[in-house]
Amino acid sequence: MPELPEVETVRRGLEPVLVGRRIARVDLARDGLRFPFPKSFAARLEGTTVTGLSRRAKYLIASLSSGESWLIHLGMTGRFTIVAPDGRPQGLGEFYYETAADAAARGPHDHVVIDLDGGWRLIYADPRRFGIMDLIVSGNEGRHVLLDHLGIEPLGNAMNAENLAMAFAGKKAPLKAALSDQKIIAGLGNIYVCEALFRAGLSPLKPASSLVTKAGAPRVGLERLVQAIRAVLTEALAAGGSTLRDYAGADGVAGQFQQRFDVYDREGSPCKRAGCGGTVRRHVQAGRSTFYCPRCQR
DNA sequence: ATAGAGACCTGTGTGC
DNA sequence: TGCACACAGGTCTCTA
């Protein structure tokens with residue numbers, strides 16, 4: 001589900017509730033999600049205080065006073081809901097929180113329930129169970145087998161044409177695949193890859209190497225692509241992400257960016273580029289739908 | 001080395 | 001209404 005803008009939206013929603021609070025109790029409804037939970041998972045969370053909540057690519061990382069870190073990936077359908085002590089959260093501005101009464105009935109996909117000091121509760125639900133939760137042991141700060149091979153953070157300083165040129169040089173894989181590859185750029189998914197390629201006017205079928213000169217320098221198209229990725233992620237973030245089906249921020253508010261898709265899920269609709277007149281097409285690449293306008297994406 | 005398919009799960013929408 | 005099938009925001013593992 002969630003790509004970078006959605007995960008970051010969830011992080012921002014969870015941060016004011018989670019950070020600085022002690023985890024009082026953890027209730028696990030099953031042994032794991034995509035992978036089994038680590039040994040003594042609940043016991044190692046209980047009694048610790050969350051000291052920070054950061055994001056790397058599509059992963060959330062909560063630092064704990066125990067020295068360990070709690071690693072979370074939302075998979076396709078992972079979702080956090082915050083339950084306020086009395087349904088009237090204080091000092092959290094526009095955020096909406098589900099009330100205790102609303103959340104009284106535990107859903108069939110509520111796999112992890114975390115009670116925080118002060119009566120706050122976090123519920124992690126995940127129908128497809130592609131999500132991941134693990135612990136990073138003390139001293140291994142930020143290091144985990146799932147994090148070690150992640151590539152460039154797309155909103156960070158390393159996201160530039162020179163670095164992408166290095167990664168794309170000699171790559172025969174189509175742009176769609178190269179941008180979806182978390183080892184190259186970490187955080188894009190099916191939606192934002194399609195949207196960024198549209199904005200850059202690049203065909204998803206083009207080999208990644210075609211954006212790099214023989215000498216290894218970025219071509220103009222690659223410069224455009226870098227700007228397009230940055231722009232689409234920034235705008236999506238400002239809109240609170242995209243809600244297709246079940247995604248919502250931790251505050252329960254649905255994202256709004258899906259209303260601004262240029263190509264994603266718009267098969268058969270007219271291209272939105274002024275003067276193009278083309279029709280958005282769906283094309284299956286590596287088992288995933290790619291949406292693009294064959295007329296203006298070359 | 002690397003591109004593609006299959007796998008992991010459940011829910012939803014579509015067409016017959 | 002029921003049923004079969006395609007498809008969904010991800011990514012690891014296996015195969016050519």
Side-chain angles (χ1 to χ4, degrees), chain A residues 1-11 29-37 55-60 71-80 107-112 124-134 144-151 154 166-196 204-210 232-233 236-237 239-250 254-261 263-268 282-291:
Chain A
M1 97 144 192
E3 305 182 34
L4 189 152
E6 291 76 36
V7 177
E8 178 60 22
T9 300
V10 170
R11 192 198 68 77
R30 52 191 314 121
D31 296 337
L33 300 166
R34 180 164 174 202
F35 304 121
F37 293 128
R55 178 190 57 75
R56 171 74 174 108
K58 301 173 194 170
Y59 289 88
L60 293 171
L71 182 69
I72 300 161
H73 193 293
L74 303 173
M76 291 275 260
T77 52
R79 175 176 176 176
F80 276 103
H109 303 300
D110 294 348
H111 309 307
V112 182
Y124 178 78
D126 188 353
R128 293 178 74 179
R129 303 203 302 276
F130 288 164
I132 296 166
M133 286 197 192
D134 201 358
H144 188 280
V145 64
L146 295 171
L147 302 178
D148 288 344
H149 297 108
L150 293 176
M166 250 189 283
F168 282 6
K171 257 213 168 294
K172 287 193 220 142
L175 278 174
K176 171 74 189 307
L179 292 179
S180 306
D181 184 347
Q182 304 296 299
K183 293 193 292 297
I184 299 176
I185 302 179
L188 299 181
N190 213 27
I191 293 175
Y192 298 109
V193 167
C194 292
E195 293 297 308
L205 310 172
K206 255 172 104 107
S209 58
S210 67
V232 76
L233 291 181
L237 205 41
S242 306
T243 295
L244 302 189
R245 291 164 193 82
D246 47 9
Y247 163 79
Q256 295 303 313
F257 191 71
Q258 67 282 2
Q259 293 167 12
R260 307 230 293 271
F261 288 164
V263 284
Y264 187 82
D265 205 19
R266 291 192 65 246
E267 182 183 16
R282 187 174 82 96
H283 180 258
V284 177
Q285 281 179 292
R288 312 299 301 273
S289 291
T290 297
F291 298 90

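Please read all numbers here as calculations on a predicted model, not as lab measurements. Here is how names work: the chains are called A, B, and so on, in the same order as the sequence lines, proteins then strands, and each is numbered from 1.
Using cut-offs of 30° and 60° for the angle between ring planes, the A:Phe257 and A:Tyr192 rings count as tilted. Ring pair A:Tyr59/A:His73 is perpendicular by interplanar angle, where above 60° counts as perpendicular and below 30° as parallel.
Side-chain contact between A:His111 and A:Met133 is absent, with no heavy-atom pair separated by less than 4.5 Å. The side-chain heavy atoms of A:Leu147 and A:Leu150, taken from C-beta on, include a pair separated by under 4.5 Å.
Proximity of A:Lys58 to the phosphate of C:dG10: a side-chain N or O atom is located under 4.0 Å from OP1 or OP2. Contact check, A:His109 against B:dG11: a side-chain N or O comes under 4.0 Å of OP1 or OP2. Residue A:Arg282 has a polar side-chain atom (N or O) positioned under 4.0 Å from OP1 or OP2 of C:dC7. At the phosphate of C:dG9, neither OP1 nor OP2 sits under 4.0 Å from any side-chain N or O atom of A:Thr77. Residue A:Arg129 has a polar side-chain atom (N or O) positioned under 4.0 Å from OP1 or OP2 of B:dT10.
Taking atom CD on A:Gln258 and atom P on C:dA8, their separation rounds to 16 Å, with Å as the unit. Look at NZ on A:Lys183: it is 11 Å from P on C:dT11, rounded to the nearest Å. Separating the NE2 atom of A:His283 from the P atom of B:dG4 is a distance of 10 Å, rounded to the nearest angstrom. Computed from coordinates, the A:Leu74 CG to C:dT11 P distance equals 10 Å when rounded to whole Å. One atom, CG of A:Leu146, and another, C1' of C:dC12, lie 9 Å apart when rounded to the nearest Å. In this structure, CG of A:Leu150 is placed 12 Å from C1' of C:dG10, rounded to the nearest angstrom. One atom, CZ of A:Phe35, and another, P of B:dC9, lie 11 Å apart when rounded to the nearest Å. Regarding A:Gln285, its CD atom lies at a distance of 16 Å from the C1' atom of B:dT2, rounded to whole Å.
Open room surrounds CG on A:Asp31; 12 or fewer heavy atoms of other groups in view lie less than 6.0 Å from it.
In the set B:dC9, C:dT11, B:dT2, the nucleotide with an atom closest to the side chain of A:Lys171 is B:dT2.
Under the Watson-Crick and G-U wobble criteria, each requiring two contacts below 3.5 Å, nucleotide B:dC9 is left unpaired. Across all strands shown, C:dG9 remains unpaired; no Watson-Crick or G-U wobble contact has both distances below 3.5 Å.
As judged by a 4.0 angstrom heavy-atom cut-off over every strand, A:Ser180 is placed among residues making no nucleic acid contact. Among the heavy atoms of the strands, none lies under 4.0 Å from A:Ile132.
Remark: the separation of the C1' atoms in C:dT11 and B:dT12 is 23 Å, to the nearest Å. Going from the P atom of C:dC7 to that of B:dA5 covers 14 Å, rounded to whole Å. For the C1' atoms, the distance from C:dA8 to B:dA3 is 23 Å, rounded to whole Å.
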Verdict with reasoning, A:Thr77 to A:Arg128, per side-chain hydrogen bond (donor to acceptor under 3.5 Å, both in side chains): CA-CA 6 Å; A:Thr77 52; A:Arg128 293 178 74 179; 5.6 Å; no
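When each of A:Pro174 and A:Arg34 is assigned the nucleotide of DNA chain B with its nearest heavy atom, A:Pro174 is the one assigned upstream, toward the 5' end.
Both thresholds, 5.5 Å between centres and 30° between ring planes, are not jointly met by A:Phe130 relative to the base of C:dT11, so the two rings are not stacked.
The base of C:dA8 is not paired with the side chain of A:Arg288 by any donor and acceptor separated by under 3.5 Å.
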